[in-house]
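This one's a predicted model, so the numbers in the text were calculated from it and none came from an experiment. Just so it is clear: chains get the letters A, B, ... in the order the sequence lines come, proteins before strands, and each one is counted from 1.
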Amino acid sequence: MTDTRSLLATLLSQAAEDAGATLSTDEARDLLTEPPRREMGDIAFPCFVLSKQLRTSPAAIATTLCDAIAGAVSDAPALGGVNAAGPYLNFTVDSAYHAAGVLRAATDEGYGRGSEGEGQTIGIDFSSPNIAKPFGIGHLRSTSIGNALGNIFRMLGYRVVGINHLGDWGTQFGKLMFAYESWGNEEALVKDPITHLYDLYVRFHKAAEEDETLLDEGRAWFKRLEDGDEQATAYWQRFRDLSLREFERIYERLGVSFEHYWGEAYYNDMLAPLVEDLDRAGLTEVSDGAVVVDMSELDMPPCLIVKADGATLYATRDLAAARYRYEQLQFKQFLYIVGAEQTVHFRQVFEVLRRMNYSWAEDCHHIPFGRIHGISTRKGTLVFLDDILNKGKERVAEIMADKPFSDQERELITEQVTVGAVLFYDLSRNRIKNYDFDWDLMLRGLRPGESGQTGPYLQYTHTRLASLERQYIETHGELPDPAAVDYALLGEDAARALITHIEKFPELLRHAARDYEPAQVSRYAIEIAELFNSFYSGGHKVVSEDRALSAARITLANATRRTLATSLGLLGVPLPARM
RNA sequence: GCGCUCGUAGCUCAGCUGGAUAGAGCAUCGGACUUCUAAUCCGACGGUCGCAGGUUCGAAUCCUGCCGAGCGCGCCA
């Protein structure tokens with residue numbers, strides 16, 4: 001517990017100074033860790049750093065400090081004892097005192113909420129699908145990671161502004177228009193816009209392999225669009241609207257939303273002024289007819305600003321977007337949730353911003369992530385995320401076939417389990433890693449006798465916890481007041497381990513935010529579920545005749561359930577009422 | 001060729017930013033349902049942390065080189 005650690009820091013600092021060393025309470029507090037095994041104690045203090053100052057072995061220092069503070073430790077109600085173990089000083093905390101502090105906090109509504117972000121804005125550019133292509137598996141990661149990070153930062157008090165940087169501009173639009181003019185079909189477009197647009201896109205590229213002049217046709221159409229041509233603009237509006245409607249359906253399915261749909265096209269009017277400013281600042285030069293910012297001193301290829309035909313590029317729009325976003329949001333940080341393959345692009349963009357002397361350039365961060373493999377693709381065909389989810393849903397439904405749910409409830413649960421499985425799997429490894437899309441791994445634990453570190457496992461654990469609360473209420477009435485519970489009844493190892501873990505939740509959120517790493521929350525959720533299931537299956541009946549014991553245990557269960565639910569909520573994993 | 005990222009148990013992954021015997025899940029083997037959802041739990045087996053050097057009292061963690069994999073390298077996004 002926080003004040004317990006502060007108390008220890010004060011004691012240690014004092015004792016160290018009496019022994020002739022310099023150690024501030026803050027330093028002492030930072031050094032506190034946990035012993036590798038529970039039997040050794042609850043909090044540990046390593047004496048290595050003092051060894052240089054005192055020119056003695058760490059072990060000897062541990063013994064000295066142990067003697068020095070033993071009295072104070074035994075007087076403190078929060079502490080159980082202290083002993084020296086080699087170079088470490090191990091403390092045990094008073095179980096009941098500790099449990100009371102942790103569980104009173106964790107049964108409160110806003111457990112884990114922080115205030116460090118108050119008054120600060122974080123912008124997140126995430127998901128950002130390309131209109132000319134279907135929403136495929138490749139967009140899943142940006143969407144899930146961006147959403148989770150946004151949730152985490154909101155939890156810490158930040159104002160989070162999610163921006164969907166829709167790929168609704170660029171040469172690929174020109175290609176699409178040319179393709180529609182050549183082979184398009186109004187009927188097919190209305191019936192299934194995404195598929196039709198995608199078919200056109202594929203057909204274009206196939207045809208372009210035979211006849212390279214088509215690429216010029218595409219570029220020409222895009223140039224028309226940029227010049228405000230009426231026909232091109234009408235196509236653009238149409239394609240965009242139809243695609244967006246489709247995307248919104250998927251976002252709803254995934255439980256994701258955005259503050260703004262500021263696509264690439266949104267910044268069109270800001271491009272010319274940007275290029276002027278770059279010129280005026282003397283950052284640009286002409287190379288092979290294109291306007292570029294040279295990056296050779298950083299061993300990077302030049303950043304392309306304007307193509308030889310006068311049209312703009314991705315980087316141009318990202319630069320204009322960055323300026324606009326800062327004007328609008330005055331962000332403290334801006335995060336670009338984009339795949340690792342675009343690392344160089346963002347380095348270039350941030351470098352240009354830096355050369356333009358924007359102090360906030362250093363607050364822009366590319367948050368890269370690895371790729372998903374293993375989706376069987378017929379050659380040249382992307383697989384729609386929607387179809388993938390539906391396929392998974394069939395598997396889930398099959399496994400759940402013998403569960404006694406109504407059709408309506410079954411439909412809801414299978415959807416929640418499927419989405420939860422995919423999102424959790426995606427967020428369960430450090431984001432930089434590549435992974436294979438594999439239903440067997442995502443759904444492991446769904447079948448009786450199986451188990452696994454999966455979304456369904458967590459959802460199941462949560463439903464059990466909720467079920468316990470219902471049964472407690474049936475048996476004993478309302479849930480107990482956490483202030484009036486006898487926490488000495490939670491002294492078992494399994495309970496103490498769980499309490500210690502619940503205590504770490506607020507700190508965990510800060511780490512996850514610091515590292516932009518939702519997987520830390522995922523792992524935490526797995527751990528808390530495993531600790532609870534271990535307690536639950538270890539012969540500790542929660543709801544029993546024993547009123548006081550039941551009250552203590554249901555308070556622990558409630559704190560666990562809330563913490564687990566908050567964690568899963570941050571990750572976007574839905575919580576079925578029953579499973 | 002150059003650059004970035006990754007390499008930990010048969011498989012999928014952690015390892016709190018150098019510290020006490022490297023941890024989980026899956027798989028394998030052996031256990032636990034007349035008891036709050038066994039979609040669970042308990043135990044066993046399993047690792048020269050890619051290789052070789054270096055820094056340090058101490059390295060999976062930091063540095064260098066090599067090997068392997070993924071990605072990127074001017075008018076796509």
Side-chain angles (χ1 to χ4, degrees), chain A residues 33-37 40 44 46 48-49 51-52 57-58 85-88 90 128 130 132-133 167 169-172 175 215 218-219 264 287-292 299-309 311-315 317-318 338-345 347 368 370-371 373 399-400 403 417 425 428-430 432-436 438 440-441 443-454 456-457 459-461 463-464 467-468 470-472 475 504 507-508 511 514-515 519-520 523 526-527 530 533-544 550 553 557 578-579:
Chain A
T33 58
E34 264 173 72
R37 279 170 303 139
M40 302 168 88
F48 302 100
V49 284
S51 147
K52 264 180 196 145
S57 77
Y88 286 86
N90 290 332
S128 309
N130 202 317
K133 297 177 189 168
W169 205 251
T171 308
Q172 86 276 4
K175 295 175 182 174
L215 295 174
R219 289 192 194 103
E264 292 188 58
S287 164
D288 293 336
V291 178
V292 307
D299 278 332
M300 284 196 291
C303 182
L304 274 281
I305 304 296
V306 184
K307 297 197 284 189
D309 69 1
T312 58
L313 291 116
Y314 186 35
R317 280 166 242 137
D318 258 344
V338 182
E341 62 276 6
Q342 291 189 41
T343 301
V344 174
H345 164 74
R347 279 200 193 143
R371 304 164 71 90
H373 299 124
I399 297 168
M400 296 208 343
K403 289 278 183 174
V417 169
Y425 192 74
S428 63
R429 68 206 61 241
N430 288 342
I432 198 65
K433 303 232 180 186
N434 299 337
Y435 73 87
D436 289 334
D438 184 336
D440 287 331
L441 294 179
L443 296 175
R444 188 157 272 154
L446 259 190
R447 288 192 171 78
E450 275 186 0
S451 61
Q453 297 170 326
T454 62
Y457 170 77
Q459 291 172 321
Y460 175 67
T461 302
T463 60
R464 272 178 147 183
S467 166
L468 285 179
R470 284 195 297 270
Q471 289 180 41
Y472 180 90
T475 314
K504 291 177 191 159
E507 189 190 4
L508 161 94
H511 284 173
R514 178 196 62 191
D515 299 336
Q520 293 184 17
R523 251 170 265 129
I526 287 289
E527 286 156 4
E530 285 178 342
N533 282 326
S534 181
F535 173 79
Y536 176 89
S537 305
H540 307 108
K541 195 159 166 67
V542 176
V543 181
S544 66
S550 295
R553 287 181 175 168
R578 294 202 295 161
M579 279 178 78

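Listed candidates were C36(B), G74(B), G72(B). Nearest to the side chain of V542(A) is C36(B). Of the candidate nucleotides U5(B), C16(B), G7(B), U5(B) has the atom nearest to the side chain of I432(A). Here C36(B) is the nucleotide among C41(B), G70(B), C36(B) with the atom lying nearest to any side-chain atom of Q471(A). Of the candidate nucleotides G74(B), A39(B), G72(B), G74(B) has the atom lying nearest to any side-chain atom of P302(A). Relative to the side chain of R523(A), the nucleotides A14(B), A77(B), U12(B) differ in distance, and A14(B) lies closest. Taking the side chain of S537(A) as heavy atoms from C-beta on, and the options C36(B), A20(B), C41(B), the nearest nucleotide is C41(B). Side-chain proximity of L446(A) to A39(B), C4(B), A77(B): nearest is A39(B). Considering only side-chain atoms of L441(A), the nucleotide from A20(B), C76(B), U12(B) that sits closest is U12(B). Comparing A20(B), C36(B), C76(B) against the side chain of Y536(A) picks out C36(B) as the nearest. Listed nucleotides: A38(B), C41(B), C13(B). Nearest to the side chain of R429(A): C13(B).
Using a 4.0 Å heavy-atom cutoff across all strands shown, A308(A) reaches at least one base atom of the nucleic acid. D288(A) comes within 4.0 angstrom of a nucleotide base, judged by non-hydrogen atoms across all strands. Within the nucleic acid shown, L304(A) comes within 4.0 Å of at least one base atom, counting heavy atoms only. Contact annotation for G86(A): no contact, since no heavy-atom pair falls under 4.0 Å across all strands. When heavy atoms are screened at a 4.0 angstrom cut-off, M400(A) is found touching base atoms of the nucleic acid. Contact annotation for P36(A): base contact, defined as any heavy-atom pair under 4.0 Å involving a base atom. Heavy atoms of P35(A) sit under 4.0 angstrom from at least one base atom. Looking at heavy-atom distances under 4.0 Å, G170(A) makes contact with sugar-phosphate atoms alone, never a base. Residue contacts shown for N90(A) include a base, since a base heavy atom lies under 4.0 Å away.
Residues K175(A) and L215(A) have side chains in contact (heavy-atom distance under 4.5 Å, counting atoms from C-beta outward).
Here the closest heavy-atom approach between residue R444(A) and residue T454(A) is recorded as O-OG1, 2.8 Å. Of all the heavy atoms in A308(A) and D288(A), the pair that sits closest is CB-O, 4.2 Å. Nearest heavy-atom pair, A340(A) versus P368(A), reported as atom, atom and distance to 0.1 Å: CA-CB, 3.7 Å.
Searching all strands for a Watson-Crick or G-U wobble partner of G3(B) with both distances below 3.5 Å returns C71(B).
For F535(A), the ring-ring contact (aromatic ring centres under 6.0 Å, His included) partners at least two apart in sequence or on another chain are H540(A).
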What does the list of N/O pairs under 3.5 Å between the protein and nucleotides 29-35 of chain B look like, with a distance for each?
| unit_1 | atom_1 | unit_2 | atom_2 | d |
| --- | --- | --- | --- | --- |
| U35(B) | O2' | K541(A) | NZ | 3.3 |

Pairs: protein N or O with nucleotides 62-64 of chain B N or O, under 3.5 Å:
none

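What separates CZ of R578(A) from P of C36(B) is a distance of 16 Å, to the nearest Å. Straight-line distance from the OH atom of Y457(A) to the P atom of A38(B): 12 Å, rounded to whole Å. Taking atom CZ of residue R371(A) and atom C1' of nucleotide A77(B), one finds them 13 Å apart after rounding to whole Å.
In this structure, S51(A) does not reach the C57(B) phosphate: none of its side-chain N or O atoms is under 4.0 Å from OP1 or OP2. Between C76(B) and R219(A), a contact under 4.0 Å exists linking OP1 or OP2 to a side-chain N or O. The phosphate of A14(B) (OP1 or OP2) has a side-chain N or O of K433(A) nearer than 4.0 angstrom. Within the 4.0 Å cut-off from OP1 or OP2 of U12(B), not a single side-chain nitrogen or oxygen of S428(A) is found.
Ring stacking is absent between Y435(A) and U12(B), as the pair misses the limits of under 5.5 Å between centres and under 30 degrees between planes.
By the rule that a glycosidic angle within 90° of 0 means syn, C4(B) does not qualify and counts as anti.
Ionic pairing of E527(A) and K504(A) is not present here: no N-O contact between side-chain nitrogen and carboxylate oxygen is shorter than 4.0 angstrom.
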